[in-house]
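The chains referred to below are lettered A, B, ... by the order of the sequence lines, with proteins before strands, and numbering in each begins at 1.
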2 protein chains.
Amino acid sequence: MKDVANAAGVSLGTASKVMAGAQGVSPARRQQVWDAARQLGYRRNSLAAELRSSRSTSIGFVVPDLTNSFFIELLCVVEDQALASGYRLLLAHAQEDPEREAERIRFVLSRQVAGMIIIPCHGYDHAIEELRECDVPLVMADRVDNSFPANTVTTDSRRAASDGTDHLIALGHERITFIVNALDLVNSRERADGYLDAMKRAGLARHARVVVCGMTDTESHAATLGLLSERERPTALFTGANVATLGALRAIRDAELRLPDDVSLLSFDGAPWMSVLHPRISSIHQPVEAVGRAIWQLLHKQLQGESSEPVHLRMKADLRVRESTAPPHKATGAAQQNAGRTRKRAALADR
Amino acid sequence: MKDVANAAGVSLGTASKVMAGAQGVSPARRQQVWDAARQLGYRRNSLAAELRSSRSTSIGFVVPDLTNSFFIELLCVVEDQALASGYRLLLAHAQEDPEREAERIRFVLSRQVAGMIIIPCHGYDHAIEELRECDVPLVMADRVDNSFPANTVTTDSRRAASDGTDHLIALGHERITFIVNALDLVNSRERADGYLDAMKRAGLARHARVVVCGMTDTESHAATLGLLSERERPTALFTGANVATLGALRAIRDAELRLPDDVSLLSFDGAPWMSVLHPRISSIHQPVEAVGRAIWQLLHKQLQGESSEPVHLRMKADLRVRESTAPPHKATGAAQQNAGRTRKRAALADR
DNA sequence: CCACACCGGCCTCAAGGTCGA
DNA sequence: ATCGACCTTGAGGCCGGTGTG
């Protein structure tokens, strides 16, 4: 910048003002500086600027998994909001690995961001540890609960999972299995709890079964395949997340079963690709747009200095019944022993 | 850091060395400094460090579209490689918007990254403009061609598209339509050209048809739906990218057509979700792992000071024939006029 | 508009200390 | 006691900008 100032025949301070877009420089000089900068191919060093002014317009965003479309959608919403308020996002990818996540947090924090948004991996103690005494505005989302000592935005997973389970029960299912990635993911645990709530309420506690399948679709595929090959296989599956649904669907395909005739499937979270499936997949839909806006709103308020007690926002998810959930087939195999139940069942609609 | 040094009872220089992980400090003092730092909740300011040493271990990565799983996979490969060499990625998302992309490039560059990787949006003149006289090591990937004045890693899209088209032609298709996002995306254009090559070579130039459908699956859905409702609809679709495939599949579903009986579909690029479809989707598979490694290799070489003439690496994609491509049905409707062709066709295998 | 101090860590450098051989 | 090898110190300049007088 010194060079630019020299070339433009002004002092360093003036050049700085021009490049920062500040007031108080005559149009003529402003133009001179601009020209000189262009000619020299000058690019401002925002590191230095932020160092000196100890102000930053970058927001760190630590995402656990970029293959999960829910996070991507959320990220896009937040990014647009941030941009509209003059902030930009510094993205960091934890790849569902707590250690890597901790490193990413340190990385982001050491770059003096103005604020930070994080969706933790499982075992979020790591994350908390890193975030302790972090003095920047912080919002945590999705995989946290109300006990978290920070601003949070979450979906009421427990309630949503309970509603979803109720839907399956109302269709006449009893052997409903819940497939979840990991129980040390706060929201997964909540979802499992919601499922258990509903099963108990319906007097189906003995059929309740939560299968932990790990974080990848490969694992969930294997787990589901195992489930489906049991003698008394579930008549309905409820997958606790996007990734689990992917693996489960592949398993259903590989087991040559039909949705929903042979088995019903309800997915927590939809994904764009689900729209091409036949039948359409019933799912729990989280209000991504609202969650994203809430995250930014909370962060923005803090950025503007309005600090207050940690706020916990909880959004409501809704059940979207489509075609992958239907009443169970009566006694389709020798293993099916519940044929003569008293519960009335609607005839299976032909798809 | 001064405080840390004081608390640890060492000099500032020593503390600096410890925090930077440099050699030449005795284990005892090293521990003292570490303890003091932890107690004070000290976090190193890497902005200042990088400013002074004008060295950075961050690599900027500008991604055009995080909803495209190909880019995500690529990103993961590159990130692992970078981490293994002691670098970390600074992610920036262009959302397929050239203006936003330009801004992201400026942003990344102004943060003094050690190197930069970019997969451009359409109309990459914007990008070139921003990258002109950028003095950091640079690798551009995927959406560039060999004429590009920088290191590039690409897939031989033209060849791959030509192979794919040959496959469809060999099955007996003539009315093959190529659906592409945008022709100002270099690789999309190459794919379209490859398709045209093959059509011409087979004497099917009069049937050749390239439909530009835009960057979103919504647009590709609409375009495909239009195509499929024509009186003489294509017997085979070849989609030029992930996103186009998504829209096309939804259109096929909505038009209540069957794959591959009513229409064949070949997709350039696969995606994890395609594995759940029935029938399985034939696709052109790009060697993501190899591309990612190549990108890093090229960048790493430059980071270590071995500068040379721009290198252009071109990887080979391969055709994976699955079940969504089959010989066309003979004369299924009044509109089908090619029933009695001389070309021999294999009987339609029952799926 | 210019001059100047300054953000926070880095680097160099001369000078002195510790330690085992 | 001597010597070289290695650790440690403190000062001061510096990176590239910002903000005040």
Worksheet item: A/Arg52 side chain N/O closer than 4.0 Å to the phosphate oxygens (OP1, OP2) of C/dG9?
Response: no

Discussion item. Taking A/Arg88 first and then A/Glu79, would you say they form a salt bridge - that is, a charged N and a carboxylate O separated by under 4.0 Å?
Written reply: no

Discussion item. Do the side chains of A/Glu50 and B/Arg111 get close enough for a salt bridge, i.e. N-O under 4.0 angstrom?
Written reply: yes

Fill in: Distance in angstrom units between B/Arg55 CZ and C/dG8 P, rounded
21 Å

Item to complete: Would you indicate what B/Ser53 reaches in the nucleic acid, counting non-hydrogen atoms under 4.0 angstrom: base, sugar-phosphate, or nothing?
Response: sugar-phosphate

Worksheet item: Hey, does B/Arg30 reach any base, or is it just sugar-phosphate, or nothing, if we go heavy atoms under 4.0 Å?
Response: nothing

Worksheet item: Should the pair B/Glu96-B/Arg143 be classified as a salt bridge under the 4.0 Å nitrogen-to-oxygen rule?
Response: yes

Close N/O contacts between protein and nucleotides 5-10 of chain D (under 3.5 Å):
from: D/dT8; atom 1: OP1; to: B/Ser26; atom 2: OG; distance (Å): 2.4
from: D/dT8; atom 1: OP1; to: B/Arg29; atom 2: NE; distance (Å): 2.8
from: D/dT8; atom 1: OP2; to: B/Ser26; atom 2: N; distance (Å): 2.7
from: D/dT9; atom 1: OP1; to: B/Ser11; atom 2: N; distance (Å): 3.4
from: D/dT9; atom 1: OP2; to: B/Ser11; atom 2: N; distance (Å): 3.0
from: D/dT9; atom 1: OP2; to: B/Ser11; atom 2: OG; distance (Å): 3.2
from: D/dT9; atom 1: OP2; to: B/Thr14; atom 2: OG1; distance (Å): 2.3

Fill in: The single option from A/Ile59, A/Val291, A/Val139, A/Val77 passing side chain to side chain contact (heavy atoms under 4.5 Å, CB included) against A/Trp296
A/Ile59

Fill in: Any A/Arg43 side-chain nitrogen or oxygen under 4.0 Å from OP1 or OP2 of D/dG16
no

Worksheet, complete the sentence: note: B/Gln112, atom CD; D/dC15, atom P; distance rounded to Å ~ 13 Å

Worksheet entry | Shortest side-chain distance from B/Asn45, nucleotide among C/dG9, C/dC10, D/dG17 | C/dG9

Discussion item. If you compare every side-chain N and O of B/Tyr42 against the phosphate oxygens of C/dG9 (OP1, OP2), does one of them come in below 4.0 Å?
Written reply: yes

Worksheet item: Looking at side-chain heavy atoms only, is the closest gap between B/Pro120 and B/Val144 below 4.5 Å?
Response: yes

Worksheet item: Counting only N and O atoms by type, is there a donor-acceptor contact under 3.5 Å from the side chain of A/Ser110 to the main-chain atoms of A/Phe107?
Response: yes

Worksheet item: A/Leu51 has an atom CG; how far is it from atom P of D/dG19, in whole Å?
Response: 12 Å

Discussion item. Distance check needed: D/dC15 P versus A/Asp3 CG, whole Å only.
Written reply: 11 Å

Discussion item. Distance check needed: C/dC1 P versus A/Asn6 CG, whole Å only.
Written reply: 16 Å

Response to the item:
To the nearest angstrom, the CG-P distance between B/Leu47 and C/dC6 comes to 21 Å

Worksheet item: Could you give the CE-to-C1' distance, from B/Met19 to C/dG8, as a whole number of Å?
Response: 13 Å

Practice prompt. Return the value, rounded to whole Å, for the distance between atom NZ of B/Lys2 and atom C1' of D/dG12.
Written response: 14 Å

Worksheet item: Are A/Arg100 and B/Asp80 within salt-bridge range, i.e. N to O under 4.0 Å?
Response: yes

